[in-house]
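Here the structure comes first, spelled out in structure tokens, and everything after it is commentary.
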Amino acid sequence: MRAVLASKNAKKLRELQDILGKQGVEVILQAEAGVDIEVEETGETFEENAILKAEAVRDQTGMIAISDDSGLVVDALGGAPGVYSARYGGEGLDDTERFKLLLRNMEGQNDRSCRFVSVICCALPNGDRILARGECQGVLLNEARGEGGFGYDPVFYLPDLGKAMAELTPEEKNQISHRGNALRVFQKELENYLNGTHQ
Ligand code: IMP
């Protein structure tokens with residue numbers, strides 16, 4: 001099965017391909033399918049945005065399209081940055097400036113619990129869709145650690161592993177991450193769909 005990823009993020013592609021590749025699913029970036037759209041993420045939930053992205057790319061390509069809408073949910077900030085994680089602080093910031101802003105906004109907060117959330121949507125040419133959600137619980141660090149991953153990984157601490165997400169290898173990250181968890185749910189849902197037992 002060949003699917004197009006509704007994203008320009010090559011790091012997301014690698015995380016998806018590492019897991020879905022084992023199931024015989026080949027995923028390509030939307031640019032490789034000749035698509036150059038930036039879907040407006042107007043939804044208020046990860047689910048709504050995942051559907052918007054996958055269906056827009058499915059409609060442009062006629063192919064099976066897969067999207068991931070993800071973000072960091074910080075309890076002390078009422079769930080922010082949440083669906084606005086990629087745009088936190090405005091479009092002009094890079095990943096490092098964004099997590100530094102987050103740490104500044106968290107100064108003085110004792111409750112540093114947070115979680116990454118990922119919702120995968122697979123939009124099929126016949127109009128069907130498969131949705132899967134995964135989460136990963138953590139604690140916000142006071143300063144960055146590690147060089148791996150992307151986004152908020154350097155400030156996301158995993159107490160059970162004693163490491164920041166950015167200190168994990170790609171394989172270790174996939175085993176415990178929100179995206180890895182969502183993809184494992186997605187694999188099961190896809191199997192059910194292909195067996196005709198999809199709800
Ligand atoms: P999206 O492309 O709209 O789904 O934006 C997701 C944003 O959430 C990214 O730009 C990152 O800032 C953040 N994010 C999502 N997944 C991860 C991850 O695995 N590690 C670190 N940050 C992430």
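Note that ligands are numbered from 1 as they come in the structure, with each ligand's atoms numbered from 1 the same way. On a predicted model such as this, the values are computed, not experimentally measured, just so you know.
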Kindly check if the number of other-residue, nucleotide or ligand heavy atoms within 6.0 Å of CG (Asp36) is above 12?
-> no
Could you give the distance from CE (Met165) to NZ (Lys173), rounded to the nearest 0.5 Å?
-> 5.5 Å
Residue list, side-chain contact (heavy atoms from CB on, under 4.5 Å) with Asn126, at least two apart or on another chain = Leu124, Asp128, Tyr193
In short, ring-ring contact (aromatic ring centres under 6.0 Å, His included) pairs touching residues 111-132 with sequence neighbours left out are Phe116-Phe156, Phe116-His178
Would you kindly say whether Asn9 and Ser7 are connected by a side-chain donor-acceptor distance under 3.5 Å?
-> no
Might you list the protein residues in contact with ligand 1, defined as having a heavy atom under 4.0 Å from one of its atoms, sorted by chain and number?
-> Lys12, Glu41, Lys53, Asp68, Asp69, Ser70, Gly71, Ser85, Ala86, Phe116, Phe150, Gly151, Tyr152, Asp153, Lys173, His178, Arg179
Partners meeting side-chain contact (heavy atoms from CB on, under 4.5 Å) with Ile19 (sequence neighbours left out) | Asn174, Leu183, Arg184, Gln187
